Peer 1: 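Below are the structure tokens for one structure; questions will follow.
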Number of protein chains: 2
Amino acid sequence: MRKNVKEALLDAAVTLFSRSGYNAVSLRDIAKEAGANLGSLTYHFGSKANLLKEIYARHTQPMNARRLELLGEARRIRDAEDRLAAILRAYVVPAYISSSEGDGGGAEFTRMRAILSAESNPDAKKIIADAFDDTSRIFIEAIAECVPGAPQEGLVWRSQFLLGALYYSLINPERVTRLSNGQVDGNDRDAAIEQLVQTAQAGFSALAAQHTSVKDAIPEQRIN
Amino acid sequence: MRKNVKEALLDAAVTLFSRSGYNAVSLRDIAKEAGANLGSLTYHFGSKANLLKEIYARHTQPMNARRLELLGEARRIRDAEDRLAAILRAYVVPAYISSSEGDGGGAEFTRMRAILSAESNPDAKKIIADAFDDTSRIFIEAIAECVPGAPQEGLVWRSQFLLGALYYSLINPERVTRLSNGQVDGNDRDAAIEQLVQTAQAGFSALAAQHTSVKDAIPEQRIN
DNA sequence: GTCTATATAGAGATAGAC
DNA sequence: GTCTATCTCTATATAGAC
């Protein structure tokens with residue numbers, strides 16, 4: 001079933017970090033979850049901070065690659081509203097969907113990132129760096145082309161709100177279930193994606209709606 | 001300057017918890033920040049969990065009271081779009097604004113809540129309870145009246161996204177500054193509120209926009 | 001490469017002097 | 001009511017057997 005101890009340790013670490021954060025999880029917890037020994041953790045990773053670093057190294061690139069791949073497809077859509085929705089979906093889906101392998105880890109990894117960003121742990125801060133900012137910038141540019149005349153300030157704030165909404169939906173899905181008295185399932189990820197994309201789309205579109213209709217916007221032809 | 005040691009300890013605890021979370025902050029850190037002794041913490045609060053409990057007790061009621069007060073004012077607005085914006089502002093402002101005293105603590109307390117919700121700490125989970133859910137439910141109802149025909153599912157998800165966006169903007173304001181290459185200040189709270197209210201308004205309005213214009217919606221006269 | 005045993009530091013909590 | 005001193009537990013990290 002398991003390839004090797006190192007893999008098992010990495011998987012166990014993501015699972016536990018995504019559940020309780022970085023500080024609350026001890027190396028002992030991770031070793032136990034992986035069915036391995038405490039010593040093997042120091043052997044493979046040296047320190048807790050370096051373990052986190054390797055988790056990021058493993059997931060960051062595939063997730064962003066998948067996002068950019070989907071973004072490329074989305075950009076070929078002519079209708080501005082449809083394109084905007086597809087761009088947003090390209091950003092959200094790879095972060096949200098549970099994955100089998102090699103595509104960045106999906107929801108569990110994203111949930112871990114959400115918690116780490118909240119904890120603002122010194123170890124994590126060094127690692128997170130701006131690896132994701134580059135991708136976000138590319139997406140903001142693509143979104144801007146769908147919403148002609150939108151001020152940069154509005155675009156940036158809305159991208160912040162989108163990420164916050166995404167994070168919180170992964171962190172606290174139970175609140176959705178509770179607030180709806182059980183009528184809506186906060187753990188329904190397909191529904192969450194759909195609602196999130198629709199909501200973000202409305203937010204971004206409104207930036208242009210003041211003067212021109214978004215429907216009329218046709219961007220310059222893009223070589224992609 | 002300081003009333004007594006207990007107050008100083010409570011203030012120091014909120015400050016540190018809102019900065020680094022619950023797990024990462026030790027009782028020693030709090031005592032030091034308050035200029036008090038470690039022993040006084042156990043004397044006044046008994047345990048770390050109970051300290052957190054007292055922080056909640058101190059801030060929850062005033063913050064929600066202020067929200068409901070502003071909600072009462074907002075509900076008197078006739079125009080549905082204007083009313084929606086005012087309702088959203090009533091929800092956001094008390095959570096976001098730095099406070100002098102007695103109004104629930106504002107941004108620092110909200111930031112602490114954001115981090116605690118991410119850490120999903122066992123101590124915190126018991127305390128947070130559903131004290132805030134009641135208020136959220138009231139707001140969702142008020143919002144629903146501004147968006148006739150909106151499905152409950154959409155309203156609940158959007159309220160989730162709103163809270164997530166609010167939380168993340170307090171947790172990681174630097175990202176806004178970074179993404180905009182310094183052109184937008186992520187720590188400008190007035191701007192954040194304005195952008196957040198506008199964005200949420202667009203999201204909620206879109207729920208009704210499919211069939212009827214929001215502008216036409218007039219709610220039943222409310223006794224308030 | 002994986003284990004056991006252990007060093008060292010720091011946590012929450014308590015007892016008792018003042 | 002606030003301090004010092006200390007108990008007990010658990011953390012990260014290391015050393016060395018296998």
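Computed from a predicted model, the values in this text were never measured in an experiment. These numbers come from the heavy atoms of this one structure, side chains and all, not from hydrogens, waters or symmetry mates. Protein chains get the first letters and strands the later ones, always in sequence-line order, with residue 1 at the start of each.
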Peer 1: With a 4.5 Å limit on heavy-atom distance, are the side chains of B:Asp185 and B:Val176 in contact?
Peer 2: no
Peer 1: Return the residues of residues 19-26 of chain A meeting this criterion: a heavy atom under 4.0 Å from some atom of DNA chain D. Order them by number, or give none.
Peer 2: A:Val25, A:Ser26
Peer 1: Take atom CZ of A:Phe45 and atom P of C:dG1, then tell me their distance rounded to the nearest Å.
Peer 2: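 It works out to 13 Å between those atoms.
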Peer 1: Just how far, in rounded Å, is C1' of D:dT10 from CD1 of A:Ile30?
Peer 2: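 After rounding, the gap between these two atoms is 15 Å.
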Peer 1: Using whole Å, report how far CG of B:Leu16 lies from P of C:dG12.
Peer 2: 12 Å
Peer 1: In whole angstrom, what separates A:Leu27's CG from D:dT10's C1'?
Peer 2: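 In whole Å, D:dT10 C1' and A:Leu27 CG are 12 Å from each other.
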Peer 1: Parallel, tilted or perpendicular: which one describes the rings of A:Phe17 and A:Tyr22, with boundaries at 30° and 60°?
Peer 2: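 Ring orientation of A:Phe17 relative to A:Tyr22: tilted.
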Peer 1: Once you round it to whole Å, what is the distance between C1' of C:dA13 and CG of B:Asn50?
Peer 2: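 In whole Å, C:dA13 C1' and B:Asn50 CG are 13 Å from each other.
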Peer 1: Please tabulate, one pair per line, each protein N/O and nucleotide N/O from nucleotides 3-5 of chain C that are separated by under 3.5 Å, including the distance.
Peer 2:
from	atom 1	to	atom 2	distance (Å)
C:dC3	OP2	A:Asn37	N	3.0
C:dT4	OP2	A:Asn37	ND2	2.6

Peer 1: Is the centre of the B:Tyr168 ring less than 6.0 Å from the centre of the A:Phe161 ring?
Peer 2: no
Peer 1: Between C:dT14 atom C1' and B:Arg28 atom CZ, what is the distance in whole Å?
Peer 2: 12 Å
Peer 1: Let me know the distance between CG of B:Leu51 and P of C:dA11, rounded to the nearest Å.
Peer 2: 15 Å
Peer 1: Figure out the NZ/C1' separation between B:Lys32 and C:dG10, and round it to whole Å.
Peer 2: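 Atom-to-atom, B:Lys32 to C:dG10, this comes out as 14 Å.
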Peer 1: Report the residue from A:Leu38, A:Leu41, A:Leu10, A:Asp11 that forms a side-chain contact (heavy atoms from CB on, under 4.5 Å) with A:Ile30.
Peer 2: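 Among the candidates, only A:Leu41 passes.
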